[in-house]
There are 2 protein chains.
Amino acid sequence: MVRLDDLVRKMSEHGWRVTDQRKTLANIFLETQSYLTPREVYERMGRHYNGLSYDTVYRNLRSMAEIGLIEQATLDDVVKFKLHCAEHHHHHHLICVKCEKTFSFVFCPLDHAPPMPDQFTALSHKFEVYGLCKDCNQEPAS
Amino acid sequence: MVRLDDLVRKMSEHGWRVTDQRKTLANIFLETQSYLTPREVYERMGRHYNGLSYDTVYRNLRSMAEIGLIEQATLDDVVKFKLHCAEHHHHHHLICVKCEKTFSFVFCPLDHAPPMPDQFTALSHKFEVYGLCKDCNQEPAS
DNA sequence: TTTGGTGCAAAAAGTTTGCATCCTT
DNA sequence: AAGGATGCAAACTTTTTGCACCAAA
């Protein structure tokens, strides 16, 4: 499990200053397993600060995504972020379309795919499975 | 290969009126194999019209994506569209990161994946391979 | 003390909406 | 003729930028 220390250390390693805002930001992602929009993050941050500015949150989200502390995705045409998972092996994700929690899926399509056609050189890939997690599956249809 | 008639017919089937704007829009995608931003589409449309409004293009892009005439994707944080491919079998795409052309890849990860963990129910999925196509591979590095 | 980070403000870019008019059906 | 589509304008949201001041190292 990822801890605050891990995130703070990574910030330092990148020569970042560890500000209160960044620590709070990190904590928010630590206690949230699902995706959050910048707006949602800002609102949660606001509970801890008075004069918080949105662009600081925004800048930090971008930066944190850049160094791999968090992951950015576009769900329903909306940009969202979640904590970068601790899983060490290469893996992909199951994403619940209802609660937006994510689950590791240690399986990579490229290990099972045929050779690339058209003399295409693969550099990276994205594989995501959308569906309902155990909890959301059991709830009555909304 | 998809033709203008096919697209026009599909519009009619959905009770749409076939306006010049929509025909031009369709033609633009027919002659472009790569992804286009709404802005790029608008500019190309502008070559055919004088008093063209951006929101008409925008509205039509959204609508055309809704009925599956074109496909929407988010590349580099930017929303883009391309023609929905004619391939009948379920398939995925190789996307060239340089020219953004796409190539069919008739292979589905879910056919080779182990059972979903965590009692997760898969509803849909996304699998895209990013890389360099034959042509871009041969060009000198930019 | 130094320099990067933050807050504030404002601009830029992207997306959506209302409405009178036009044009496909 | 009727109603959906367009053009125009404006609002709204999201993302980006400049700069003075503050604070982490």
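Every chain is numbered from 1 and lettered A, B, ... according to where its sequence line falls, protein lines coming before strand lines. FYI, side chains are in, hydrogens and waters are out, and symmetry mates aren't considered; it's all heavy atoms of this structure.
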What integer distance in Å separates [X]:[atom1] from [N]:[atom2]?
| X | N | atom1 | atom2 | answer |
| --- | --- | --- | --- | --- |
| Leu25(B) | dA5(D) | CG | P | 13 Å |
| Tyr58(A) | dA10(C) | OH | P | 21 Å |
| Tyr54(A) | dA12(C) | OH | P | 19 Å |
| Tyr49(A) | dT6(C) | OH | C1' | 11 Å |
| Leu52(A) | dC22(D) | CG | P | 17 Å |
| Asp77(A) | dT13(D) | CG | P | 17 Å |
| Met11(A) | dG4(C) | CE | P | 17 Å |
| Arg62(B) | dT17(C) | CZ | C1' | 14 Å |

Establish whether Val79(B) and Tyr130(B) are linked, either directly or via other cluster members, by ILVMFWY side-chain heavy-atom contacts under 4.5 Å.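 Looking at the clustering, Tyr130(B) is in a separate group from Val79(B).
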Establish, with yes or no, whether the OP1 or OP2 oxygen of [N] is under 4.0 angstrom from a side-chain nitrogen or oxygen of [X].
| X | N | result |
| --- | --- | --- |
| Gln21(B) | dC23(C) | no |
| Arg22(A) | dG5(C) | yes |
| Ser53(A) | dA9(C) | no |

Between Arg39(B) and Tyr54(B), is NZ or CZ placed under 6.0 angstrom from the six-membered ring centre and within 45° of the ring axis?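 Yes, Arg39(B) sits over the ring of Tyr54(B).
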Using 30° and 60° as the class limits, which term best fits the ring planes of His91(A) and His93(A): parallel, tilted or perpendicular? perpendicular
Closest-nucleotide 5' rank along DNA chain D - winner of Asn50(B) and Trp16(B):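 It is Trp16(B), whose closest nucleotide lies nearer the 5' terminus.
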I want to confirm an ordering. Mapping Pro38(B) and Thr19(A) to their closest nucleotides on DNA chain C, which one lands closer to the 5' end?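 Going by which nucleotide is closer to the 5' end, it is Thr19(A).
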For atom CG of Asp111(B), decide whether the heavy atoms of other residues, nucleotides or ligands shown that lie under 6.0 angstrom number more than 12. yes
Determine whether a donor-acceptor pair (one donor, one acceptor, N or O, separation below 3.5 Å) exists between the side chain of Arg17(B) and the base of dG3(D).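 Present.
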Do Lys101(B) and Lys134(B) touch side chain to side chain, with heavy atoms closer than 4.5 Å?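 No - every pair of side-chain heavy atoms lies 4.5 Å or more apart.
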Could you please name the option among dT6(C), dA9(C), dA5(D) that lies closest to any side-chain atom of Asp55(A)?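 Given the options dT6(C), dA9(C), dA5(D), the side chain of Asp55(A) is closest to dA9(C).
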Candidates dT17(C), dA25(D), dG7(C) - which lies nearest the side chain of Arg59(B):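 Output: dT17(C).
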